[in-house]
Amino acid sequence: MAETKACPSCGRDIPRDARFCPQCGTPQALTCDACGHANAAGSRFCAQCGAKLGEAPPTPAAAPPPQPAPLARGANAAERRQITVMFCDLVGSTALSTRLDPEDLREVIAAYHACAAEVVTRFGGYVAKYMGDGVLIYFGYPEAQR
């Protein structure tokens, strides 16, 4: 039998690897296969160890690939990279909130978040944060894009 977990929103049992709750549509935290850290829904890389989420961890017998010698940098050295930051929200949600029952509004916003996350991921973006009916998105993070 497949492992399950409880949805933090509705409490129903769902598959452990589910990205969204099939009952209420709430985005689910992603657990890193390499270190077990619970990452925010929509994450592509583990915030704890940097492993790509959804990929099996390397086998212990495999030697890590050789790393290039680090450049001599100061302790506070930073890497410059260009990223695109995008914020989008659900137009008319305030008016919608006056007409819908709170549970129905939550379902509409959860469906919007799920749709936005799917499109963002398809185009190589990273969902940084869900804020009410808004979504903060980065392109070029955590990996630079060409």
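Owing to the predicted nature of the structure, the values given are computational and were not obtained by experimental measurement.
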Can you tell me how far apart [atom1] ([X]) and [atom2] ([Y]) are? Round to the nearest 0.5 Å.
X	Y	atom1	atom2	answer
D101	R106	CG	CZ	10.0 Å
L90	H113	CG	NE2	8.0 Å
L100	S93	CG	OG	10.5 Å
I83	I137	CD1	CD1	12.0 Å

So do [Y] and [X] actually touch side chain to side chain, heavy atoms under 4.5 Å?
X	Y	answer
L96	L105	yes
T4	I14	no
M86	Y138	no

So which heavy atom on [X] is nearest to which on [Y], and how close?
X	Y	result
Y141	R81	CA-NH1, 4.4 Å
C10	Q23	SG-CB, 4.1 Å
A110	G25	CB-O, 3.7 Å
V135	Y112	CG2-CE2, 4.0 Å
F123	F139	O-CE2, 3.7 Å
C24	T26	SG-OG1, 3.0 Å

I need the full list of salt bridge (Lys or Arg N to Asp or Glu O under 4.0 Å) pairs touching residues 122-137, with sequence neighbours left out, sorted by first then second residue.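 Pairs touching residues 122-137 that pass the test: E118-R122.
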Does the pair D13 and K5 meet the rule for a side chain to side chain contact (heavy atoms under 4.5 Å, CB included), with working shown? CA-CA 5 Å; D13 280 343; K5 63 180 179 181; over 6 Å; no
Applying the 4.5 Å side-chain criterion to the ILVMFWY set and letting contacts propagate, would V85 and Y126 be lumped into a single cluster? yes
Kindly determine whether D104 and V108 satisfy side chain to side chain contact (heavy atoms under 4.5 Å, CB included), including the steps that lead there. CA-CA 6 Å; D104 294 334; V108 169; 5.7 Å; no
